[in-house]
Number of protein chains: 2
Amino acid sequence: MANRKIDEFTAVTKALGDPNRVRALLALLQKELCVCQVVELLGLAPSTVSKHMAVLKQAGLVESRKEGRWVYYRAAADEVPEEVKEVLEWVSNCCSGSREAQEDSRNLEGILSMDPEQLCQLQGNRC
Amino acid sequence: MANRKIDEFTAVTKALGDPNRVRALLALLQKELCVCQVVELLGLAPSTVSKHMAVLKQAGLVESRKEGRWVYYRAAADEVPEEVKEVLEWVSNCCSGSREAQEDSRNLEGILSMDPEQLCQLQGNRC
DNA sequence: CTTATATTTCGCCATATGGCGAATCGTAAG
DNA sequence: CTTACGATTCGCCATATGGCGAAATATAAG
């Protein structure tokens, strides 16, 4: 990210400026997740989560992969500028020890224990 | 900043989410400045700059020092958590090479060449 | 004590942001 | 082709944010 325009830098910091996006990112650093799983984790509407994912992706912090009807997101890792990796590490170092992040990690285990299809059913056809 | 609550983390990232605040911070990393000088650099109203300084200070990124009627701000440095220093270094590494930052640096030289008192006069008694 | 002045606070406005539900899109399955 | 469904886009609302000028604060100077 060195030598970038300030606006590009603030695109990243803005993306990291929302607690729910940080929570999502911390989860995505642990595991690749589909939107439904993030919805379950954050307790937000699918449309809201989708928007958050778009912001994180626009900032270059996450990547996505489409598989059938599902879209999987993960923290940026492949062929990514060194600076992005450093940012992700920074976020992780700063937040992964927090109470909220630890609780999210615990919830994430439960979410991962069922398959996405089953999960989406439980969400009352919200997505 | 390790193990902080996510809200404390986003206080920092939010503070870094505005281009004018980043520009101010980059200047403050180079030199301690009074509000009038930042006003001159950014071309914003004194009240606006004052608010920006408050946000940066709240986030722990800058410190201030009062000297008579003047308030001087500088990038946090003394007895500051290691993590804050790393953030400041990150901002500097990311942005100080940008065109905007370089232009600001050039303008800053001119601003520093006159004394603050003189500068405030030129600002048409706006502050 | 009064005046001048650097900064901050306050009140206001315009725009941005985060949230939701409804509608749309894209793809798998009947 | 039609249906089902996960994800996204759209339209809307409430709140947050960044901007300014005016008023208030605090301190130096007369």
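Just so it is clear, the values below take in all heavy atoms, side chains as well, and ignore hydrogens, waters and symmetry mates. Proteins come first, then strands; the chains are lettered A, B, ... in the order of their sequence lines, and each starts at number 1.
Regarding A/D7, its CG atom lies at a distance of 13 Å from the P atom of C/dA16, rounded to whole Å. Rounded to whole angstrom, the span from the NZ atom of A/K66 across to the P atom of D/dA7 amounts to 10 Å. One interatomic measurement links the two molecules: CE of B/M53 to P of C/dT7, which rounds to 11 Å at whole-angstrom precision. Computed from coordinates, the A/K57 NZ to D/dA7 C1' distance equals 12 Å when rounded to whole Å. For the pair B/L56 CG and C/dT7 C1', the computed distance is 16 Å after rounding to whole Å. Taking atom CD of A/E40 as the reference point, atom P of D/dA7 lies 12 Å away to the nearest angstrom. C/dA6 atom C1' lies 11 Å from atom OH of B/Y73, rounded to whole Å. One atom, CH2 of B/W70, and another, P of C/dA4, lie 16 Å apart when rounded to the nearest Å.
Using a 4.0 Å cut-off between a side-chain N of Lys or Arg and a carboxylate O of Asp or Glu, A/E103 and A/R99 qualify as a salt bridge. With respect to the salt-bridge test (charged N to carboxylate O, under 4.0 angstrom), the residues A/R65 and A/E67 qualify.
Of the candidates D/dC20, D/dC10, C/dT5, C/dT5 carries the atom nearest the B/R69 side chain, counting heavy atoms from C-beta on. In this structure, the nucleotide among D/dA7, C/dC20, D/dG18 sitting nearest to the side chain of B/D18 is D/dG18. The side chain of A/S47 has C/dG21 as its nearest neighbour among C/dA6, D/dG19, C/dG21.
Looking at A/Q37, its side chain never comes within 3.5 Å of a backbone N or O of A/L112 through a donor-acceptor pair. Judged by distance alone, the side chain of A/E109 and the main-chain N or O of A/R106 form no donor-acceptor pair under 3.5 Å. A/S105 contributes a side-chain N or O that, together with a main-chain N or O of A/A101, makes up a donor-acceptor pair within less than 3.5 Å.
Nearest-nucleotide positions on DNA chain C place A/K51 closer to the 5' end than the other of A/K51 and A/E67. Projected onto DNA chain C by closest heavy-atom contact, B/T48 and A/V55 fall at different nucleotides, the more 5' of which corresponds to B/T48. Each of B/R21 and A/V49 was matched to the nucleotide of DNA chain D holding its nearest heavy atom; the match closer to the 5' end belongs to A/V49.
A/K14 comes within 4.0 angstrom of sugar-phosphate atoms only, judged by non-hydrogen atoms across all strands, and of no base.
Contact check, A/H52 against C/dT17: no side-chain N or O comes under 4.0 Å of OP1 or OP2.
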